[in-house]
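The residues of the chain are indexed from 1 along the displayed sequence.
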Amino acid sequence: MSDPTTGTTTTTTPARRAPLVGGLTAEGISFIGTRVSMIAIPWFVLSTTGSATQTGLVAAAEIAPLVLFKALGGPLLDRVGPRRVTLVCDLGSALVVGSIPLLHQLGALTFPLLLVIVAVAGALRGPGDAGKSAMTPEIARVAGVSLERVTGLGSAVERTSTMAGAALAGFLVAGFGAANALYVDAASFLLSFAVFALSTTGMGRPVPSAGTATGVRATSYLTELREGWDFLRTEPVLVAICLMVAVTNLVDQTYVAVLAPVWAKESGAGVEVLGAMFAAFSGASVLGALSAARWGETLPRYRTYVVAFLIAGAPRFVVMALESPLWAVFAVTVVAGAASGFLNPILGAVILERIPAPLMGRVSSLNTAICWSLMPLGGVLGGLAVTAFGVSPALLIAGAAYLVTTMAPTRVPSFRAMDRVPVEVPA
């Protein structure tokens, strides 16, 4: 097997594969729990308050600190090491998420307190997720596989876990209540912590200081944060991707946090159908991600990226807005899911191959933070749109925004550089 960093031939032994298998397993476990909460929390708020606006506020309260701490935590990953940050955040997330159903059972969970708890959960998830992402190049190097292969497998695991988590959420919420379903999310963080700790021993070390022989860092935290931004803004491909994905993530967050749950509730489809719909999308995207992992190295990145986004975006919103029969909604959802499976492998490879190792933590964190920067507005705007216009017009507005955004790559020249792999990334 060819080593993606040297071009030499390497043998992938079980020991070399262990971090890859363990990392993917830990992510899969964590994704299952997170997807349970993705359905359980909005349904819990809708059931207890009946307010789409408050449902959107809860989503914003989680995403805003997630984005902020992901952006600010980049230098921390380089200083402390992404592995340590990930493990601490997973352990903290288990305790925080588990407090929601516990406080609800004790009758002590007020709406303001819920906002605070989900904000803390988001603040922990930000650097925790960034730590896993920052370790991807090292895991690929140890396993002796290409970045496209690793990001494709990671996307397949994410989609599979999303499918399982969504289906499990529908069952748990319907059978045991939305609050109790969050215990599964808390348990998933604990299990993810254990698997990741065991499989990545000795990896994810801090970036050595470029300063003195004493080990004292020669630069401040703020300076290192600025270095990440200075590098990112000089990469037109990364800037173009960040801006486009920021808008599509905004619309997707509106869909997941408000529009889809309200549609399921008002149409009478129910939480079981909502979970099945998310599961169908994720299941189809698994096939797309596996295809990308298998053939992604041979596909033209730019054209695949554009076509996949066009298929995965607007049609989902339109078919629901037109009050189509469930079979049509599921058919469009499946096709969109298959197309979406090609996106993350392409994005991951394009982004990670352009970032030098000494800046991996801070640049990858900033990149993801910018991509997620508009997501806190998604829940709020979705709630306001549903309240002002109704769920069907809100879905059409969101679909139109998605269509306009996904046409951007055809007008912005920077996107075409996705097909060109830099020969050498400057340190």
Side-chain angles (χ1 to χ4, degrees), residues 34 38 56 59-74 122-123 125-127 129-130 133-134 151 155 158 225 228-259 301-302 305-306 308-314 316-317 336 339-340 342-352 354-355 362-385 394 397-418:
T34 302
M38 181 182 71
E62 179 183 8
I63 297 297
L66 189 156
V67 173
L68 177 63
F69 280 83
K70 187 185 286 286
L72 298 180
R125 270 190 59 202
D129 291 349
S133 177
T151 54
S155 183
E158 177 187 358
L225 192 64
W229 166 249
D230 288 340
F231 176 84
L232 179 61
R233 65 187 178 87
T234 61
E235 279 285 336
V237 178
L238 300 186
V239 172
I241 289 174
C242 284
L243 295 178
M244 175 180 170
V245 175
V247 178
T248 57
N249 279 345
L250 164 68
V251 184
D252 279 329
Q253 178 65 11
T254 302
Y255 173 82
V256 170
V258 179
L259 297 182
R301 290 177 176 175
Y302 167 73
Y305 180 78
V306 173
F309 248 132
L310 287 173
I311 297 174
R316 288 179 292 143
F317 298 85
S340 73
F342 285 85
L343 293 173
N344 284 347
I346 293 175
L347 289 174
V350 170
I351 292 169
L352 293 175
R354 283 171 165 76
I355 303 175
R362 65 201 84 168
V363 177
S364 61
S365 295
L366 280 173
N367 175 85
T368 308
I370 294 173
C371 290
W372 287 40
S373 60
L374 299 180
M375 290 178 68
L377 299 176
V380 176
L381 293 177
L384 294 175
I397 293 172
Y402 218 119
L403 178 62
V404 171
T405 304
T406 50
M407 291 297 292
T410 64
R411 301 300 179 197
V412 179
S414 299
F415 281 99
R416 298 183 182 275
M418 294 173 64

Subject >> Under the side-chain contact (heavy atoms from CB on, under 4.5 Å) test, residues paired with Ile311 that sit two or more places apart >> reply: Val307, Val335, Ala339
Subject >> Which residues share a salt bridge (Lys or Arg N to Asp or Glu O under 4.0 Å) with Arg316, sequence neighbours left out >> reply: Asp252
Subject >> Sequence-distant partners of Glu62, side chain to side chain donor-acceptor pair (under 3.5 Å), two or more places apart >> reply: Arg125
Subject >> Residue pair Leu366 / Gly228: nearest heavy atoms and the distance that separates them >> reply: CD1-C, 3.6 Å
Original post:
With sequence neighbours left out, which residue pairs that include part of residues 368-380 fulfil the salt bridge (Lys or Arg N to Asp or Glu O under 4.0 Å) condition?
Top reply: none
Subject >> Contact summary for Ala308 and Phe342, nearest pair of heavy atoms >> reply: CB-CB, 4.4 Å
Subject >> Closest non-hydrogen atom pair, Pro65 against Ala61 >> reply: CD-O, 3.0 Å
Going by atom type alone, with no hydrogens or angles, which donor-acceptor pairs under 3.5 Å involve a side-chain atom of residues 406-413 and a protein atom two or more places apart or on another chain?
from, atom 1, to, atom 2, distance (Å)
Thr406, OG1, Tyr402, O, 2.8
Thr406, OG1, Leu403, O, 3.1
Thr410, OG1, Met407, O, 2.5

Tabulate below the donor-acceptor pairs under 3.5 Å that side-chain atoms of residues 367-382 make, not counting sequence neighbours, or state none.
from, atom 1, to, atom 2, distance (Å)
Thr368, OG1, Ser364, O, 2.9
Ser373, OG, Ile370, O, 2.7

Original post:
Taking atom SG of Cys242 and atom CG of Asn249, what is their separation to the nearest 0.5 Å?
Top reply: 10.5 Å
Original post:
Which distance, rounded to the nearest 0.5 Å, do you find between the CG of Leu250 and the OG1 of Thr405?
Top reply: 8.5 Å
Subject >> Among Val251, Ile397, Thr254, the one residue meeting side-chain contact (heavy atoms from CB on, under 4.5 Å) with Leu259 >> reply: Thr254
